[in-house]
Amino acid sequence: MKTQKKIGLILEDEKPLWEVIKSSCEKNGFETITARSVNQGLEYLKKGVKIDFVWLDHYLYGKENGLDFVTKLKQKGSAWKNLPIFVVSNTVSPEKIQIYLKLGVKKCYTKVDFKLDEIVTDIKKSLK
Amino acid sequence: MKKKKKYSNQLDAAEIIKRKIRDDAVISSIGEGLIVIVDVDKGGKIDYVNRAFEEITGWTSKEVLNKSIIKILPREDKRGNAVAFKERIITKVLGGQKVVADLSEPFYYFRKDKSKFPVSSVINPITLNKKIVGAVETFRDISKEKESDIAKTEFASLVSHQLRTPFATINWYIELLLSEDIGSLNKKQLEYLNEIYQASQRMVSLINVLLSISRIEMGITEFEKKSVNVVALAKTIINEEKLKIKDKNLEIKETYGKNIPKLMVDPKQLTIILQNLFSNAIKYSLKKGKIDFKIKHQGSNLIISIADSGIGIPENDQKNIFNRFFRGNNAKEKEPEGIGLGLYILKAVVKIMKGQVSFKSKINKGTTFYVTIPIKNGLNKKKERN
């Protein structure tokens, strides 16, 4: 029986990064769906697209940012409260990282501090 | 004689009145809100407020005199929880505790119109015949400062994102190409891509350094205190440098004192200190040189020292080495690529930790750096005022 591939929602405003993230995820056995804004990301979830984890940038297209997305997903009664979220951003603020972790994201990575494959492999490990 | 005494009494009275008018004018002119509290057993009654108090809170002096401080000026912490009177600093001062204004935890007062504002305050006991009879609090509305802090933090965050994102794109695409997952590359192509990758990494390091400096200078450096094993951290950093140490065939001697206590510090800040010390010692050492690294516990301090047998710092340059972008001529000749920010950041970070950094050096003989960090308050975020 063929194992279903896990699907990651890549919420990233930098379109040039979509391709390379997608490539690394596929190498590690994931499928991906990309979105640029909080609304776009939520639309996929509301449509019932089966998402197994979220790759979340902090600064996104539009007025809302990663924190808004996490807050919405983690609110009481949300159907996606337990969806694993991995924040991958270039924002340095330790305070913001603490807020994300308190809200319940699984891990935070600073893009320039990690190779892409390192992040994806780590996400794969965390999802096991 | 009676007339003389009556005249003298009148003069004394006039002098007293004059002084009272002057004192009232002085207190009235103080820019910060001032409250005098008495009767702590009865929940603390307001005995006097100045004009600034009225302007800040919207209450008039008439409305608040003899009223309970809890009712007129309730206090809330940053989480929005009401602070009970017995937990308020003013109560502790009235109870005999030394004056402290805790500025690390913002708290809020409420105006007459129920709007709240962030406050910075200082409280002093009023003593009469060695007995505490009340307390005086001066406070000010720090809304503008808090807005400015938030703006600075957001600015630094946005700048760091905008500067770093293109490099994340460059680095990740190069990694993908170098992995040859999407096609083989010839030797030259691999070589050139590696050069681009190294240059990109250098730019990222530079951006990180510049961002650290801007955060330190804007006073928005944040700390995450943890119990850190300094010896273990030092060994990790030495391990990270092992390729460069091997390249130059350097001899590293490590000496760790007995019972080195853990430090309650931000591990990232301590890493910056140790990385800078090692990086410089290795950079400016000649081949087959020696580096002597020590950590010892002395009184209430931890002393970290690193001695190299390298190029040394010319005497003329020694007064400038902690300045931004300064590099001595001999350093530039030895290592053309440096930017002259490492020691500046090192000193700034040590200062934040309430520590000290010093050095001694002789040209062509080597340099020894000493970093002293207080153990108990390795990182003290609270500011105390008397």
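Side-chain atoms are counted along with the backbone in the values below, which use heavy atoms only and exclude waters and symmetry mates. Proteins get letters first, then strands, A, B, ... in listed order; numbering begins at 1 in each.
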Exercise for the section: I would like to know whether Ile10(A) and Phe30(A) meet side chain to side chain contact (heavy atoms under 4.5 Å, CB included); could you show each step before the answer? Expected result: CA-CA 11 Å; Ile10(A) 313 297; Phe30(A) 296 123; over 6 Å; no

Practice task
Begin from the C-alpha positions of Lys111(A) and Glu12(A) and carry the test salt bridge (Lys or Arg N to Asp or Glu O under 4.0 Å) through to its verdict.
Solution key: CA-CA 12 Å; Lys111(A) 281 176 187 151; Glu12(A) 167 64 63; 2.8 Å; yes

Handout entry: From CA spacing to verdict: salt bridge (Lys or Arg N to Asp or Glu O under 4.0 Å), Lys22(A), Glu19(A)
Key = CA-CA 5 Å; Lys22(A) 205 174 155 185; Glu19(A) 191 59 45; 5.5 Å; no

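Proximity to chain B among residues 38-73 of chain A is limited to Trp55(A), Asp57(A), Tyr59(A), judged by heavy-atom separations below 4.5 angstrom.
With Lys106(A) contributing its side chain and Ile85(A) its backbone, the two residues share no donor-acceptor pair below 3.5 Å. The backbone N or O of Glu180(B) sits nowhere less than 3.5 Å from a side-chain atom of Ser184(B) that would complete a donor-acceptor pair.
Across every non-hydrogen atom of Leu185(B) and Gln189(B), the tightest pair is CA-OE1, 3.4 Å.
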